Amino acid sequence: MGTWKLADNTATDFLDLNHWLTMARRCEAAGVDFLFFADDYGYPVVDGGLPATAIRGGVQFPKGDPLAILPALAAVTEKLGLVTTLSTMVEQPPMVARKMATLDHMTNGRIGWNVVTGAGQNASARLFGAAMTGHDQRYEIAADHVDLSLKLWEGCWDEGGLVVDRESGIYADPEKVREIEHYGPHFSSQGVLTVPPGPQRTPMLFQAGASAPGRDLAAKYAEAVFLAAEVGALTEQIADIRRRAQQYGRDPHSIKFLIAGTFIVGATESDAWAIRERQLATRTLDDAAASYAFFTGLDLATMDPDKPLDPSAAKTETGRTNVERFLGPDAPTVRQILEEFQRNSVMGSPFIGDAQQVADQAEATIAATGADGFLVQPDHTGTFDSFIDLIMPELQARGLVQTDRPAMTLRERLLGTGTPHLAADHPGAAYRNGAAAHR
């Protein structure tokens, strides 16, 4: 938010393929696990439309389609994972299954799906001419969506189903390819996934959403979870999702938790703080209000700036987490909420300092929360260059990251289970070998 105004920022090149090719190559050479593309069809909506503030300030607008970029990035990398978002409110399950199965092949098993119900719901509902769906119902739809997608990935093709024997004339074995049946509360389907299984069969499953329904979706299906909050909230969220996962019969420690981390690093501490001041100078309170409207559907500009959020006026079917975090005892005023969004948006407090100081802060956060790593946010240049050049060598020196790992699937790389496939206790594993044909 706002940093595109800095002279050394390259985020405005988001429709230049070379921007992404360079970034992917740099990330892979540095030993980064994966490159993540957040995505949605939304944008801020105020008074029933896209506000001039958002257009002028480039707040969650404009955007391209990451799915069009991924094959090119796969072609210039061998180890780097590629993770993208597809909304369960926009994409139908057979569409997701076909796209992600194809990308699993194109990436040699390095693809991941971030399962979301979609940010910017106010805008996307209007864009597609659909009624606004309630928050909790969106997660019910998401669960049914993932369940059907898993049946298509896991249930249609047995191992060895693809034969391609020219002498016998057998392309695929009819005994090992079947239609699945699904009659869920929101989706019904009878048919076969026409794409044979890729190296992972099911793409690695990510989730981002810290509301109670979001946590439940993560506990049942996710293999890695993105979280953004302060340390105390992160600790509680991780413990809660692990508890829920155990109730679903899953190993609670099989899920990896990745904190959305903002790293502001310089050659010296004073250099880092200078970067921080430059960043903050690009962000206005109007930008913050537009950003808050995107994530929550609420227009803070119409509320009394000297009073806390009125719970009766803060009901939303969009992003509840960023409303609930500002309610309760000692709740901040509306002006203080805007100032927090101006500083940090939806992220927790940044790590600021030289490489050693920032690494110390990051280690302390992992120790305090029980998380497994970070989803690193782009720096003031719109790239990850400062993290790669300054922090990665420090983390490597401490034995916290490996930069010379061999090529493997994304699931093997992140989970370390030695298999490219879903764990046996994952719900999707129950659909293998024809078990999904009549469910």
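Just so you know, these numbers come straight off a predicted model, no measurement behind them. Along the sequence shown, residues are numbered consecutively beginning with 1.
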Regarding Ser254 and Glu223, do their side chains bring together a donor and an acceptor under 3.5 Å, going by distance alone? no

Counting the benzene-type ring for Trp, do Phe257 and Phe374 have ring centres under 6.0 Å apart? no

Ion pair present between Asp240 and Arg244, side-chain N to carboxylate O less than 4.0 angstrom? yes

Would a line drawn from the ring center of Trp153 to the ring center of His426 be shorter than 6.0 Å? no

For Glu78, does the CD atom have more than 12 heavy-atom neighbours from other residues, nucleotides or ligands under 6.0 Å away? no

Pairs under 3.5 angstrom only: tabulate donor-acceptor contacts from the side chains of residues 44-63 to other protein residues two or more places apart or in another chain.
residue: Lys63; atom: NZ; partner: Asp40; partner atom: OD1; Å: 2.4
residue: Lys63; atom: NZ; partner: Asp40; partner atom: OD2; Å: 3.4
residue: Lys63; atom: NZ; partner: Gly42; partner atom: O; Å: 2.8

Checking side-chain polar atoms at under 3.5 Å, does Gln396 have a donor or acceptor matched by the opposite partner on Thr403? yes

Side-chain (Gln200) to main-chain (Gly109) donor-acceptor, under 3.5 angstrom: yes

CZ of Arg98: more than 12 outside heavy atoms within 6.0 angstrom? no

Would you find more than 12 non-hydrogen atoms of other residues, nucleotides or ligands less than 6.0 Å from Lys5 atom NZ? yes

Where does the angle between the aromatic ring planes of Phe387 and Phe263 fall among parallel (under 30°), tilted (30 to 60°) and perpendicular (over 60°)? perpendicular

Side-chain (Lys151) to main-chain (Ile180) donor-acceptor, under 3.5 angstrom: no

Centroid-to-centroid, Phe226 to Phe206, below 6.0 Å? yes

Aromatic plane relationship, His145 with Trp113 - under 30° parallel, 30 to 60° tilted, over 60° perpendicular: tilted

We want to know whether Thr85 and Asp39 form a side-chain donor-acceptor pair, criterion being a heavy-atom distance below 3.5 angstrom. no

Does one side chain, of Arg110 or Thr77, offer a donor that lies under 3.5 Å from an acceptor on the other? yes

Are Gln356 and Asp360 linked by a side-chain donor-acceptor pair shorter than 3.5 Å? no

State whether the side chain of Arg413 and the backbone N or O of Met408 hold a donor-acceptor pair below 3.5 Å, judged by distance alone. no

When you compare the side chains of Asp299 and Tyr292, does any donor N or O come within less than 3.5 Å of an acceptor on the partner? no

Does Glu230 reach the main-chain N or O of Ser349 with its side chain, forming a donor-acceptor pair under 3.5 Å? yes

So salt bridge (charged side-chain N to carboxylate O under 4.0 Å, His left out) across residues 8-31, not counting sequence neighbours, yields Asp8-Arg278, Arg26-Asp385, Arg26-Asp389

Pick one: which of Tyr139, Tyr248, Tyr221 meets side chain to side chain donor-acceptor pair (under 3.5 Å) with Asp216? Tyr248

Whether the Asp286 and Thr284 side chains hold a donor-acceptor pair (N or O, under 3.5 Å, no angle test) is what I'd like checked. no

Can you check whether Trp4 and Phe14 have ring centres sitting under 6.0 Å from each other? no

